[in-house]
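Read the structure below first, then the notes.
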Amino acid sequence: MSATEISYPCKFDNTFQPAICRFSSSAEPRPLAVALHTWSFDHSKHYQNYIKEAERWDWHLIFPKFRGPNNTPEGCGSDLVVSDLEDAVTYMKKVCSVDPNRVYLTGGSGGGHCSLLLAGRRPDLWTAVSSWCPISDIGAWHAQCKGGIHDGYASHIESACGGNPAVSESARVQSIIRSPLTWLANAREAGLTIDISTGIHDGHTGSVPVSQALNAFNVLADEKDRFTAEEISYMVKEEKIFPGLEYTEKDPAFGTEFSVLLRRQSARARMTLFEGGHNIFPAIAFEWLSRQIKGQSPDWRPGAAVETGNGELSK
């Protein structure tokens, strides 16, 4: 597996930050995928499936540290994180031949959070974004985790934001700044293509309730296509699709084990709920991303069958 650890210059604090990279050997411009680590880890873990897909498609790929786990003020969607990811794209365009019409962003869980955050804060950088089981509202997720089996994530948020967002005004402001919901209207206005996917059982078998993804979609969608509070509450609580919203077609990319249960497309966004939990499938993400080209209409066709594995995320 052709993974190489590099360090690249980051302008925010004039440091060099690490990343795992894969470089295409082609002399022709190739697509670039920026893939993002999960909430509790850094660039040194769980990059292998992204590298595998980059090799399959012969793309350039960078898997940056972007300040590591989301339990420090420097991580968790900070201005440092945003700047580091801007610089990751700049670096890859400098050292390899990148097709400017095919620059993609993807990640799951904490990487899903950050992919939506960068979609909103720098929509101009990306051709398309594939976000899986994302956190879109840091304050809401803190409340969802606090005092329960996922209380550790609430503690991470308090460490990153400088206190409990439900108690401290300064921490509340930080939680808003670090939340994709605050910025996603920018992505809608810019016409960025965004695909959001999560398992219907997340929040039960996993740590991120599906409301986090559904509310993100609502910001990106036309008003008539947004999910109602009643629909969202039902799907979070019951782990079932709200009656009448069931997806009746097939998407070969998800197969039968992880079959699509709900799918809605509006404006330049799509929402998918599948039979699963806290999962990401890089093979599905890359296949969909491969069909998105800047300046063209989004390709929302069901994907080709791929080998997914179980896709379960280490958070």
Side-chain angles (χ1 to χ4, degrees), residues 1-8 17-26 30-70 75 81 84-89 91-93 95-96 98-99 102-119 125-135 194-199 253-254 258 276 278-292 303-304 306-315:
M1 189 172 289
S2 55
T4 303
E5 182 163 7
I6 60 92
S7 294
Y8 68 97
Q17 294 294 318
I20 300 294
C21 286
R22 189 269 174 183
F23 301 102
S24 169
S25 59
S26 173
R30 296 298 301 153
L32 167 64
V34 180
L36 305 178
H37 64 70
T38 56
W39 184 272
S40 302
F41 294 91
D42 65 12
H43 71 296
S44 66
K45 301 289 185 182
H46 312 305
Y47 59 83
Q48 291 86 351
N49 285 336
Y50 292 115
I51 295 292
K52 178 181 177 182
E53 293 307 315
E55 290 179 341
R56 185 196 309 274
W57 292 95
D58 191 26
W59 291 0
H60 308 296
L61 180 136
I62 186 166
F63 189 77
K65 182 178 181 180
F66 62 99
R67 307 294 161 151
N70 290 340
V81 164
D84 282 5
L85 292 172
E86 292 169 343
D87 292 336
V89 175
Y91 171 81
M92 293 299 284
K93 287 182 174 180
V95 301
C96 48
V98 172
D99 182 343
R102 303 181 71 189
V103 178
Y104 306 122
L105 179 64
T106 188
S109 190
H113 159 257
C114 200
S115 62
L116 290 184
L117 183 74
L118 266 292
L125 289 180
W126 321 108
T127 301
V129 176
S130 177
S131 180
W132 295 74
C133 46
I135 299 103
I194 301 178
D195 197 23
I196 303 172
S197 304
T198 195
F254 284 82
F258 302 103
H278 201 63
N279 305 88
I280 180 174
F281 302 109
I284 297 176
F286 274 59
E287 195 280 332
W288 176 78
L289 289 167
S290 74
R291 294 185 271 123
Q292 314 309 316
V306 294
E307 295 181 12
T308 60
N310 69 19
E312 187 173 356
L313 278 168
S314 298
K315 305 168 192 68

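Residues Leu118 and Leu36 form no side-chain contact, since every pair of their non-hydrogen atoms from C-beta on lies 4.5 Å or further apart. Here the side chains of Glu287 and Glu53 are not in contact, with every heavy-atom distance at 4.5 Å or above.
For the pair Ala19 and Tyr8, the tightest heavy-atom approach, listed with the atom from each and the gap, is CB-CE2, 4.0 Å. Contact record, Glu307 with Ala283: O-CB, 3.5 Å, taken as the closest heavy-atom pair. Closest approach of Tyr50 to Gly108, counting heavy atoms only: OH-N, 4.0 Å. Minimum heavy-atom separation, Phe66 to Cys114: CE1-SG, 3.9 Å. Between Cys21 and Met92, the closest heavy-atom pair is SG-SD, 3.9 Å. In terms of heavy atoms, Ile280 sits closest to Gly107 at CD1-C, 3.6 Å.
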Take Leu116 and Ile196, measure what side chain to side chain contact (heavy atoms under 4.5 Å, CB included) needs, and give me the verdict at the end. CA-CA 9 Å; Leu116 290 184; Ile196 303 172; 4.3 Å; yes
What do the steps show when you test Phe286 against Val306 for side chain to side chain contact (heavy atoms under 4.5 Å, CB included), and what is the final call? CA-CA 10 Å; Phe286 274 59; Val306 294; over 6 Å; no
Show your reasoning for whether side chain to side chain contact (heavy atoms under 4.5 Å, CB included) applies to Phe258 and Ile284. CA-CA 11 Å; Phe258 302 103; Ile284 297 176; over 6 Å; no
Could you give me the CA-CA distance, side-chain angles and deciding distance for Tyr47 and His37, then say whether side chain to side chain contact (heavy atoms under 4.5 Å, CB included) is met? CA-CA 8 Å; Tyr47 59 83; His37 64 70; over 6 Å; no
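Put simply, CH2 on Trp126 and CG on Leu289 are 11.5 Å apart, with the number rounded to the nearest 0.5 Å. Note that CZ of Arg102 is 8.5 Å distant from OG1 of Thr127, once rounded to the nearest 0.5 Å. Distance check: Ile62 CD1 to Thr4 OG1 gives 11.5 Å after rounding to the nearest 0.5 Å. We find the NE2-OG1 distance between His278 and Thr198 to be 7.5 Å, quoted to the nearest 0.5 Å. Atom CD1 in Ile135 sits 11.5 Å away from atom CG in Leu117 (nearest 0.5 Å). Here CG of Leu125 is found 7.0 Å from NZ of Lys93. Values are rounded to the nearest 0.5 Å.
Glu55 and Lys52 are not joined by a salt bridge, as no carboxylate oxygen comes within less than 4.0 angstrom of a charged side-chain nitrogen.
The aromatic rings of Trp59 and Tyr104 are tilted relative to each other, their planes meeting at an angle between 30° and 60°. Using a 30° and 60° split on the angle between ring planes, His46 and Phe41 fall in the perpendicular class, above 60°. The aromatic rings of His113 and Trp39 sit perpendicular, their planes meeting at an angle over 60°, well past the 30° parallel limit.
The side-chain hydrogen bond (donor to acceptor under 3.5 Å, both in side chains) test applied to Ser24 returns Asp58, not counting sequence neighbours.
No donor-acceptor pair closer than 3.5 Å links the side chain of Arg30 to the backbone N or O of Phe23. Side-chain N or O atoms of Thr106 include one that pairs as donor or acceptor with a backbone N or O of Ser130 at under 3.5 Å.
In this structure, a donor-acceptor pair under 3.5 Å is present between the side chains of Ser115 and Ser131. Between the side chains of His43 and Glu5, a donor-acceptor pair is found at a separation under 3.5 Å.
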